[in-house]
Amino acid sequence: MKITDVRTAVVEANYDWTFVRVYTDEDITGLGESFVAPGLTAIIGDFKRLLIGEDPRNVDRLFSKMRWAASGAGSMGGIVYNAISGIEAALWDVVGKYYEAPIYRLLGGKYRDRVRIYADCHAGEALEALDALMIARHPGWLPEEAAAAISAEINHPVHGRAFGEAATDEVFTPEMYANRACEVAGMGFTAIKFDLDVPNPHTLDTHSGTLTHAEVKFMVSLAEAVREAVGDTVDVAFDLHWRYNVSDSQRLAYELEPYGLMWLEDPVPPENVEAMCRVTQSTKTPISSGENLYMRYGFREALEKGALDIAAPDFQKTGGLLEARKIADMADAHYVAVAPHCIASPVGTIASAHVAAAVPNFLALEWHGMSVPFWEDMVVGFDGPVIEDGFIRVPEKPGLGVELNEEVARRYARKNEPFFGE
Ligand code: MG
């Protein structure tokens with residue numbers, strides 16, 4: 001069996017969903033998804049030259065071949081691994097179809113039939129669609145009001161707007177958080193996550209990494225509102241997007257302790273393990289991180305030093321599905337649970353669910369697609385809705401278990417990008 005081609009297609013959703021298809025000489029194709037990045041499809045196109053003529057069943061060796069080919073350009077992590085992750089996942093789809101086995105079985109078999117999903121929630125009305133540099137754009141599917149707000153932002157960019165800062169003047173309140181939490185819990189989710197680094201009426205400086213007393217109190221009031229709204233039967237997490245210094249992160253994590261969070265995510269930047277340790281070891285609030293760590297090598301020191309309570313690798317980015325299994329196993333050896341980060345379409349989310357089913361120390365898998373009206377429509381072959389009552393039933397069909405809905409993908413495809421070679 002030989003690889004004959006590798007092609008990509010990009011769909012403009014809330015993020016750019018980048019699909020990879022591996023073609024073979026046996027009439028089997030494999031589908032994977034890569035995490036958005038600038039220049040991503042060009043990198044995947046470059047890797048094609050390494051893969052043509054190879055046997056797609058040698059997944060681990062091909063992963064290694066791509067890894068070391070890119071070593072001069074930076075083998076320790078980064079965008080190259082977003083590309084590798086999508087290709088690797090597509091190879092597993094090929095292998096599963098060839099051996100007529102679902103991917104989870106190739107990764108060791110399953111611990112669970114249903115994978116618990118945590119819903120990433122947005123409390124406000126404004127919908128965002130972001131390009132590879134997290135700059136707002138307005139694809140045609142966004143409602144007109146949202147598109148208008150984003151157009152204003154694009155035409156008159158707010159000076160100094162940094163990653164994650166709101167594109168609109170929307171003000172968040174504890175009531176908005178409580179209402180949204182009730183709504184999403186009512187959809188059957190047993191775990192939800194909100195951003196806590198949202199526009200705060202007491203903020204004096206968004207660049208300093210500091211928090212005023214009033215800011216901390218406001219953030220705590222959001223957490224309190226969510227906890228009161230959903231009671232004790234729904235798990236609640238909050239994300240901070242690496243925004244704060246050590247001491248203010250410690251202070252916030254301490255103040256959040258009474259609310260029994262599932263986790264507090266990325267209080268400090270990810271590259272300083274000692275700083276993460278100081279935060280994590282200062283508080284009873286579990287600290288999670290990992291969406292910007294690559295491969296098991298990227299997680300090793302953080303796990304060894306106790307910098308993480310929960311590991312959150314992104315399987316469309318960290319190196320692929322087998323690498324995801326290896327990271328989960330390494331976390332397990334440190335008695336650390338895995339809650340995969342995920343902003344993917346159903347293609348990447350279902351691939352992640354195969355891994356989540358196959359590892360013992362799985363906690364919950366992210367779903368970041370609630371604002372995308374066509375999220376469920378992007379695949380065919382799944383029996384019923386992909387996400388039902390807050391869970392994904394792990395597919396039993398060979399390989400990934402679903403195919404891309406090409407008609408829908410084509411409708412939302414990014415212009416000036418090839419659609420699987422067309
Ligand atoms: Mg995050």
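Note that the structure is a prediction, hence the values are computed from the model and not measured. As the structure lists them, so they are numbered: ligands from 1, and atoms in each ligand from 1.
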Which single N/O/S atom of E291 lies at minimum distance from the Mg ion (ligand 1)?
OE1

Which is the closest N/O/S atom of E265 when seen from the Mg ion (ligand 1)?
OE2

Could [X] and [Y] be called an ion pair, given the rule that one side-chain N must be under 4.0 Å from one carboxylate O?
X: R243; Y: D195; value: no
X: R21; Y: E406; value: yes
X: R411; Y: D377; value: no

What pair of heavy atoms forms the shortest contact from N14 to W141, and how long is it?
N-CZ2, 3.6 Å

Is D239 close enough to the Mg ion (ligand 1) that one of its N, O or S atoms comes in under 2.8 Å?
yes

